[in-house]
Amino acid sequence: MTSLFALVDCNNFYASCERVFDPKLEGKPIVVLSNNDGCIIARSNEAKALGIQMGEPAFKAKDVIEQHDVQVFSSNYTLYGDMSARVMQTLAQFTPNLEVYSIDEAFLDLGNFYGRDLNHYAQEMRNTVKTWTGIPVSVGIAPTKTLAKLANRLSKKSKKADGVLVLTDERHIEEALRRTEVGDVWGIGRRYAQKLAGFGIHTALDLRNASDAFVKKNMTVVGLRTVRELRGEACLDLELVAPNKQNICTSRSFGQSVSSLSELQEATANYASRCAAKLRRQKSCAGAITVFLQTNQFRDEPQYFNSKTIALPTASNSTLELLHYANLALQALYREGYKYKKSGVIVSELRPQNQVQASLLDTVDRDKHQRLMQALDKLNSAWGRDKVTCAAQGTTRPWQLKCEKKSPCYTTRLGQLLYVGVG
DNA sequence: TCTGGGGTCCTAGGACCC
DNA sequence: TCTGGGGTCCTAGGACCC
């Protein structure tokens with residue numbers, strides 16, 4: 001039995017989400033900015049055609065944005081998350097074996113579909129997703145995940161492909177590999193691409209033809225897996241259930257630089273609180289908490305990068321407890337006289353919450369904390385994130401991000417209410 | 001003025017043990 | 001004073017992904 005995978009990828013996902021709800025944007029260049037309105041993280045085809053680069057700082061593209069009346073949006077993750085769920089639900093109609101790989105991509109197991117008209121089937125998926133959600137997608141089909149990724153990439157490049165490319169024929173696969181730069185292969189980043197160029201390996205085909213020993217020596221077993229996948233040998237299975245996270249991080253750059261301990265405490269309290277909520281959602285407790293601080297590396301100012309990790313006496317997912325330890329870590333870290341640009345909280349050594357070893361010296365009433373947290377999560381899930389918070393999280397939030405061009409949360413009731421309230 | 005955020009996996013090397 | 005093998009655990013650093 002030969003394996004067969006489809007990779008379905010939403011085209012310019014964030015930009016497409018913005019466009020679904022505002023038909024006037026059809027045919028216009030659109031960009032979406034990262035948190036803090038810093039970098040460009042999504043572009044419509046029209047924006048790509050203007051030469052605007054992925055990851056480019058927004059200020060560098062200012063001229064071209066003004067000249068061509070590019071529509072600019074702050075990122076709106078509530079909207080994108082909701083649209084993503086709709087796309088995934090639609091795809092699930094086509095096969096029960098679906099792996100949600102990222103917010104805008106899914107792998108489908110088509111192992112039983114050999115002999116069918118795969119092009120036709122993929123077109124049907126495309127049309128259905130477009131009709132039901134308004135989001136355009138591309139489909140790549142091939143015997144391995146890595147080749148399906150590659151097929152998907154090429155399907156977007158050719159007009160003739162019309163958003164679908166099936167790579168099952170060996171001759172077609174070879175031609176596709178020849179036309180793909182090695183750095184565009186899934187799993188080959190900038191560093192490896194550079195290194196490989198030094199050995200005369202420039203295309204995916206060159207890499208496929210390299211020896212196992214060479215690949216293992218220079219790119220570890222991970223690289224070898226990629227090469228085998230390029231040869232059509234499936235090494236990566238579908239992951240039907242998303243594994244729980246082993247680390248959870250919440251961090252942000254500040255809208256403006258922050259110097260005072262009290263403001264950092266407020267920001268850190270918010271990040272710790274978000275981490276705690278994420279922990280409870282996956283029913284985990286953390287054994288350790290890390291706080292880090294960074295100044296602005298792009299400025300010619302005194303720099304300070306540091307982090308502090310505290311092992312918790314008993315693993316926990318209580319907001320109150322994590323807030324306490326985050327604050328201890330921050331106080332140990334904090335140095336006066338710096339202009340901080342970014343801070344964050346990482347919780348690690350995660351374990352299932354029902355397998356936490358209680359300590360004999362434990363002074364925390366864990367049942368009480370748990371009941372309180374359940375009530376908190378219930379309120380916030382009904383009324384919106386951060387409707388109920390701890391006092392330490394503050395209310396003024398001078399450190400908060402900039403997001404000046406955010407679209408309404410069209411798809412969620414509360415988003416609309418909030419928007420009306422704010423607007 | 002303005003430069004994202006959140007993850008995973010692998011390896012090498014040191015500390016320590018028998 | 002010299003000489004091992006074999007194993008585990010931890011950490012830092014480097015690579016990658018979206």
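Residue numbers start from 1 in every chain, and the chains themselves are labelled A, B, ... in the order their sequence lines are given, proteins ahead of strands.
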key: Lys405(A)/Asp37(A) salt bridge by N-O under 4.0 Å criterion   = no

ask   = For residues 292-324 of chain A, which residues have at least one heavy atom under 4.0 Å from DNA chain B?
value = Phe298(A), Arg299(A)

task = Verify the ring-centre separation between Phe73(A) and Tyr14(A): is it less than 6.0 angstrom?
result = no

query = So where does chain A start and stop touching DNA chain C, 5' to 3', when the test is distance under 4.0 Å to a non-hydrogen atom?
reply = dA15(C) to dC18(C)

ask   = Heavy atoms under 4.0 Å, any strand shown: does Thr250(A) hit a base, just sugar-phosphate, or nothing?
value = sugar-phosphate

inquiry  = Can you tell whether the side chains of Asp82(A) and Arg86(A) come within less than 4.0 Å, N to carboxylate O?
reply    = yes

task = Using the salt bridge (Lys or Arg N to Asp or Glu O under 4.0 Å) rule, pick out the option among Arg231(A), Arg208(A), Arg179(A) that qualifies with Glu174(A).
result = Arg208(A)

ask   = Do Phe107(A) and Trp186(A) have ring centroids that are under 6.0 Å from one another?
value = yes

remark   = Heavy-atom nearest pair, Ala122(A) first then Val164(A), reads CB-CG1, 3.5 Å

remark   = Within residues 84-104 of chain A, those residues having any heavy atom closer than 4.0 Å to DNA chain B are none

message = Looking at Asp212(A) and Arg228(A), is there a salt bridge between them, counting it only when a charged N and a carboxylate O are closer than 4.0 Å?
response = yes

key: Side chain proximity check, Gln282(A) to Lys245(A), heavy atoms < 4.5 angstrom   = yes

Side chains of Glu263(A) and Ser260(A), donor plus acceptor under 3.5 Å = yes

ask   = What does Ile188(A) touch in the nucleic acid at a heavy-atom separation under 4.0 angstrom: a base, only the sugar-phosphate, or nothing?
value = sugar-phosphate

Contact check, side chains of Lys156(A) and Asn11(A), non-hydrogen atoms, under 4.5 Å = yes

ask   = Please, what dot-bracket string fits DNA chain B when only Watson-Crick and G-U pairs with both distances under 3.5 Å count, crossing ones use [ ] and pairs to another strand use |?
value = ....||||||||||||||

inquiry  = With heavy-atom distances below 4.5 Å as the criterion, would you say the side chains of Leu108(A) and Val139(A) are in contact?
reply    = no

task = Using a strict 4.0 Å threshold on nitrogen-to-oxygen distance, state whether Arg126(A) and Asp162(A) make a salt bridge.
result = yes

task = Report yes if the distance between the aromatic ring centroids of Phe199(A) and Phe214(A) is under 6.0 Å, otherwise no.
result = yes

task = Name every residue in residues 191-219 of chain A that has at least one heavy atom under 4.0 Å from any atom of DNA chain C, in order of residue number, or write none if there are no such residues.
result = Arg191(A), Tyr192(A)

inquiry  = If we check salt bridge (Lys or Arg N to Asp or Glu O under 4.0 Å) with Asp377(A), which of these qualifies: Arg280(A), Arg281(A), Lys278(A), Lys283(A)?
reply    = Arg280(A)

ask   = Using the benzene-type ring in the case of Trp, are the ring centres of Tyr340(A) and Phe254(A) under 6.0 Å apart?
value = no

query = Hey, are Glu18(A) and Tyr80(A) close enough side-chain-wise for a donor-acceptor pair under 3.5 Å?
reply = yes

task = Examine the side chains of Glu301(A) and Asn296(A) and answer whether a donor and an acceptor come within less than 3.5 Å of each other.
result = no

task = Pull out every residue in residues 38-68 of chain A that has a heavy atom closer than 4.0 Å to any atom of DNA chain B, ordered by number, or say none.
result = Gly38(A), Cys39(A), Pro57(A), Phe59(A)

